[in-house]
Amino acid sequence: MHAQPTGQTSAIEQILADVHRRTLGRRDGELADYIPELGKVAPDPYGIAIATLGGKLHCIGDVDVPFTIQSISKALTFCMALELLGREDVFARVGVEPSGDAFNAIEFDPVSRRPYNPMVNAGAITVAGMLRDALGGNAFEILLERFSLAAGRALELDEAVYRSEAASGHRNRAIGHLLLSVGALREPVDPVLDLYFRQCAIQVTARDLALIGATIANMGENPVSGTQVFDVDAVRDTLAVMFTCGMYDYSGNWAYDVGVPAKSGVGGGIIGVVNRQLGIGTFSPRLDAKGNSVRGVCGFRMLSDELGLHAFDPTNRGSALVDSFLAR
Ligand code: GLN
């Protein structure tokens with residue numbers, strides 16, 4: 001079953017249209033070209049989708065254009081690792097501290113020698129190692145199935161992007177071998193990197209991201225299908241790390257301005273989760289210097305303001321404060 005756009009033009013759709021119109025003119029930023037195939041995508045599509053916990057979908061623009069999930073996958077694989085191994089074991093191998101450095105930095109926490117967090121490449125490759133150890137040779141299929149359940153449709157691998165990254169991902173290979181040298185990965189490293197490159201090359205749309213976000217917002221249950229996709233405790237931990245580390249070395253600014261747990265990817269997508277309330281997906285491929293979608297960041301900022309989504313905004317209807325206030 002798919003979430004359908006609602007028929008009437010609601011206030012939320014007017015706000016979406018307004019935000020889209022006001023940010024559409026942004027043509028600055030660059031396509032990610034360090035994965036050669038990503039440098040060839042059309043730069044102009046722009047879509048925003050919002051999915052509610054009631055299973056309603058509100059969309060504007062290019063919400064059905066496929067792109068690769070890239071780093072957004074890191075939030076979902078972290079959630080899966082927490083479920084499979086438990087938070088203690090995961091925490092023993094990857095930290096939860098923002099690094100303040102670029103997502104592909106070749107560095108570890110100098111004291112613990114662990115990757116700083118699961119949202120940077122070093123942490124995500126470590127998580128891929130955990131999934132590969134726990135799930136074996138079928139790890140990718142299992143992961144793809146889980147991502148599909150969250151999106152509410154069968155997702156697919158973008159073979160061209162996968163091959164392109166697998167052929168050119170020398171920096172990630174270097175990180176993989178360093179992780180081996182500090183004991184965060186076990187031999188062999190190649191299948192782990194292969195899993196990581198594949199998870200990054202899963203094709204999604206802005207609509208999918210909204211549904212995946214709504215599934216996370218709904219304590220792990222897909223609000224359209226009713227399937228429990230993620231464990232609620234793992235969702236809690238995942239949201240905390242998305243909030244502090246999800247937007248690379250822009251995470252502090254994002255928490256300040258937008259105030260929504262989120263994760264971006266160099267394919268141009270951003271997923272946002274307004275806990276117990278909404279999932280939001282944006283797609284626009286041109287990236288700023290930190291690797292975040294230019295229009296996506298602007299659009300999220302405006303949406304957060306217009307809809308009062310900031311976690312610490314007292315008008316946010318998802319906040320415990322207002323809920324308890326309304327319940328009285
Ligand atoms: N596959 C990309 C990489 O590892 C993902 C990075 C990203 O989206 N920030 O470089």
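Remember, it's 1-based here, ligands and their atoms both numbered in the order they're listed.
With respect to K263, the side-chain contact (heavy atoms from CB on, under 4.5 Å) criterion is satisfied by exactly one of I72, I69, V273: I72. Just one of F103, Y116, W254 meets the ring-ring contact (aromatic ring centres under 6.0 Å, His included) condition when paired with Y248; it is F103. Between I216 and the choices N222, T238, V229, L239, the side-chain contact (heavy atoms from CB on, under 4.5 Å) rule is met once, by L239.
Given atom 6 (C) of ligand 1, the protein heavy atom at minimum distance is S71 OG, 3.0 Å. Taking atom 4 (O) of ligand 1 as the reference point, the nearest protein heavy-atom neighbour is Y196 OH, 2.6 Å. For atom 10 (O) of ligand 1, the closest heavy atom belonging to the protein is Y34 OH, 2.7 Å. Nearest non-hydrogen protein atom to atom 1 (N) of ligand 1 is Q70 OE1, 2.6 Å.
At least one heavy atom of Y248 sits closer than 4.0 Å to an atom of ligand 1.
A cation-pi contact links R114 to F91, judged by a cut-off of 6.0 Å to the six-membered ring centre and 45° from its axis.
Ligand-side atoms of ligand 1 in range of N172: 3 (C), 4 (O), 10 (O), range being under 4.0 angstrom from any heavy atom. The ligand atoms of ligand 1 that sit less than 4.0 angstrom from a heavy atom of G265 are 8 (O). The E165 neighbourhood of ligand 1 comprises atoms 1 (N), 2 (C), 3 (C), 4 (O), 10 (O), with distances under 4.0 Å to a heavy atom of that residue. Every atom of ligand 1 with a heavy atom of C200 under 4.0 Å away is listed here by number and element: 1 (N).
Residues F283 and S293 fail the side-chain proximity criterion, which asks for heavy atoms closer than 4.5 Å.
Backbone and side-chain nitrogen or oxygen atoms of V266 are examined, and one is located within less than 3.5 angstrom of a nitrogen or oxygen of ligand 1.
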**Request:** Kindly determine whether N121 and N104 satisfy side chain to side chain donor-acceptor pair (under 3.5 Å), including the steps that lead there.
**Result:** CA-CA 5 Å; N121 289 10; N104 58 1; 6.0 Å; no
**Message:** Let's go through Y162 and F197 carefully: what are the C-alpha distance in whole Å and the side-chain angles of both, what is the deciding distance for ring-ring contact (aromatic ring centres under 6.0 Å, His included) to 0.1 Å, and is it a yes or a no?
**Reply:** CA-CA 6 Å; Y162 157 64; F197 294 144; 7.4 Å; no
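Side-chain atoms of N218 and T215 form no donor-acceptor pair, as typed in the model, at a separation below 3.5 Å.
By the criterion of a heavy-atom distance under 4.0 Å, neither the backbone nor the side chain of N104 is placed next to ligand 1.
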